[in-house]
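One structure below.
Side chains included, hydrogens not; waters and symmetry mates left out as well; all remaining heavy atoms used. These numbers come from a predicted model, not from an experiment.
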Protein chains: 2
Amino acid sequence: MHPDHPTAQRALEAALELFSRRGYAAVSMGDVAGALGIKAPSLYKYFAGKEELYAALLPLLDRHYAELWASAAEAQSQLERSLGPAGLLASGQLERETFAWFRPELDDPQAGCLRRLMALGPLGPAPGPDPDRWLWREPLALYEGWFQRLIAREVLRRGDPHVMAVEYLAPLFRLLAMADRADPDALAEEALRHIRQFHRIFALRAPRPAPRLFRR
Amino acid sequence: MHPDHPTAQRALEAALELFSRRGYAAVSMGDVAGALGIKAPSLYKYFAGKEELYAALLPLLDRHYAELWASAAEAQSQLERSLGPAGLLASGQLERETFAWFRPELDDPQAGCLRRLMALGPLGPAPGPDPDRWLWREPLALYEGWFQRLIAREVLRRGDPHVMAVEYLAPLFRLLAMADRADPDALAEEALRHIRQFHRIFALRAPRPAPRLFRR
DNA sequence: TCCGTTGGCGAATGGCTAGTAGCCGTTCAC
DNA sequence: GTGAACGGCTACTAGCCATTCGCCAACGGA
């Protein structure tokens, strides 16, 4: 009756949408109930109060982002394995790795709600999940380590892996933040331009044959 | 008595701080008044209502960002003039140009409030100023044009100026967004690492003397 | 000295909101 | 069949909030 009842699930979806769009304080229990076609008191059958309703959303955030970066890590090691012992990095490989998490995150409306809710940060009654962790520490550590390994294997050009990770991820996060106002395909297209430029800059190319000093 | 009275000014400062930190709906007129040491009814001597108080903050945002990007444009053309006809770009010059607007924006607490208020976006009663414009369209157009000119003058390496501008600005904006939770000097230090890496990648160096094929 | 203005106050009003209590039709296990 | 649990409702309370009103103390010019 409490947590997994279908009505409770629908209430969670509606609450996520409303809280993320208007903020905790500006959403009344009546608003949430109205989105389900019921009246406010009925919500109290499923949640002890407004704060509990909000609190029930927070684990969704942690779970979503934990899975997101797990999928990114998976795509990374898959790419790494496919490189072989002394591989070159193709632009399409880098794109495939990133789009493995970026494109679903860009298209999923629920992911957009979770992102907005995260961005609202400390506006709710509870502190909420840590944007610094999920949007920076975790993904930065992931990409920093990955770039470091790719540099060590001479797949990428030498550079500060931390700065590289920031410069790689920050433009992508900017596009995600625009996802509810812009065409996803246009955003994906711009992500592609960014990824390609990053590749052009940092990917090592096949060593040129040593120049012959004399022709023929 | 209405707009420029000292008490009205203090009310605007307090409202900016409170609205930006807790959001419009969660701040009461009593909260704002309390921050000035007066009671709620007195606020109505200066503002017709809560919405007018909020609305009075919006021009501050437009003005602040208009001045911000104007100062960036000024620093850019100053750097451009100092390059001379066929100049090389020193890392310190790029840093000086950027820090002309970045460092004040990083340190000024009022700028931080304005940034948070802008980030709250459409949570207030009025639509508010456009974050896409002030945080992306304006600065991107500025840096895009600048990079384009620097590429044309062979100061910067060839590349997509739009992507370059995004890759230059997005990491800086990330640091600004962290400004109320982190040490400003540490953030400035990281900005510096970013600027230096960007310079290392994109700045053209003096053409090396042609390699001699035989030593001595 | 006196009177208008300024800048504040407490009290009252009306609306909205979270949360409670109790009622009622439906379903379903027994 | 029937009774209990389910899932919804209406009605109600208490409290907060924006806003209004009328009052008052201080001040400053005539």
Side-chain angles (χ1 to χ4, degrees), chain A residues 1-60 117 120 122-128, chain B residues 1-60 113 116-117 120 122-128:
Chain A
M1 169 173 168
H2 292 137
D4 48 353
H5 192 282
T7 304
Q9 289 302 316
R10 290 198 305 140
L12 283 176
E13 286 171 33
L16 176 60
E17 165 76 23
L18 288 168
F19 285 148
S20 78
R21 212 170 272 282
R22 294 198 246 148
Y24 178 82
V27 173
S28 75
M29 293 296 269
D31 292 334
V32 178
L36 318 187
I38 64 177
K39 297 302 168 79
S42 300
L43 279 182
Y44 290 85
K45 302 270 181 182
Y46 306 98
F47 301 95
K50 193 183 177 185
E51 295 203 10
E52 276 75 7
L53 175 57
Y54 177 86
L57 294 175
L58 300 184
L60 268 62
L117 192 64
L120 255 40
L123 288 196
Chain B
M1 169 171 170
H2 291 139
D4 48 352
H5 192 282
T7 305
Q9 289 301 317
R10 290 199 304 140
L12 284 176
E13 285 171 35
L16 176 60
E17 165 75 25
L18 288 168
F19 285 149
S20 78
R21 213 169 271 282
R22 293 197 247 149
Y24 178 81
V27 172
S28 75
M29 292 295 269
D31 292 334
V32 179
L36 320 186
I38 65 177
K39 299 302 171 76
S42 300
L43 278 183
Y44 290 83
K45 302 269 181 181
Y46 306 98
F47 301 95
K50 192 183 177 185
E51 295 203 9
E52 276 75 7
L53 175 57
Y54 177 85
L57 294 175
L58 299 184
L60 267 64
C113 291
R116 284 197 304 269
L117 193 64
L120 256 39
L123 288 195

query: Relative to each other, are the rings of B:Y46 and B:H5 parallel, tilted or perpendicular (30° and 60° limits)?
result: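 Answer is tilted, since the angle falls between 30° and 60°.
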Geometric class of the B:F19/B:Y24 ring pair [parallel <30°, tilted 30-60°, perpendicular >60°]: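 If you compare the ring of B:Y24 with that of B:F19, the planes turn out tilted.
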Rounded to the Å, how far apart are [X] [atom1] and [N] [atom2]?
X     : N      : atom1 : atom2 : value
A:I38 : D:dC6  : CD1   : P     : 16 Å
B:L43 : C:dG8  : CG    : C1'   : 11 Å
A:L53 : C:dG19 : CG    : P     : 10 Å
A:Y54 : C:dA18 : OH    : P     : 15 Å
B:D4  : C:dT6  : CG    : P     : 13 Å
A:F47 : D:dG8  : CZ    : C1'   : 16 Å

A side-chain contact here means heavy atoms from C-beta on lying under 4.5 Å apart; do [X] and [Y] qualify?
X      : Y      : result
A:L53  : A:L12  : yes
A:L123 : B:L120 : yes
B:D31  : B:R22  : yes

- request: Treat primed atoms plus P, OP1 and OP2 as sugar-phosphate and everything else as base, then score nucleotides 11-21 of chain D 5' to 3': B for base contact with protein heavy atoms under 4.0 Å, S for sugar-phosphate contact only, - for none.
  value: B-----SSBB-
- request: Give a yes/no on whether any side-chain N or O of B:S42 is located under 4.0 angstrom from OP1 or OP2 of C:dG7.
  value: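 Result: no.
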- prompt: Between B:K39 and C:dG10, is there a side-chain N or O to OP1/OP2 distance below 4.0 Å?
  reply: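 Yes, such a contact exists.
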field: Residues which pass salt bridge (Lys or Arg N to Asp or Glu O under 4.0 Å) with A:E13, listed by chain and number, not counting sequence neighbours
entry: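 A:E13 satisfies salt bridge (Lys or Arg N to Asp or Glu O under 4.0 Å) with no residue once adjacent residues are dropped.
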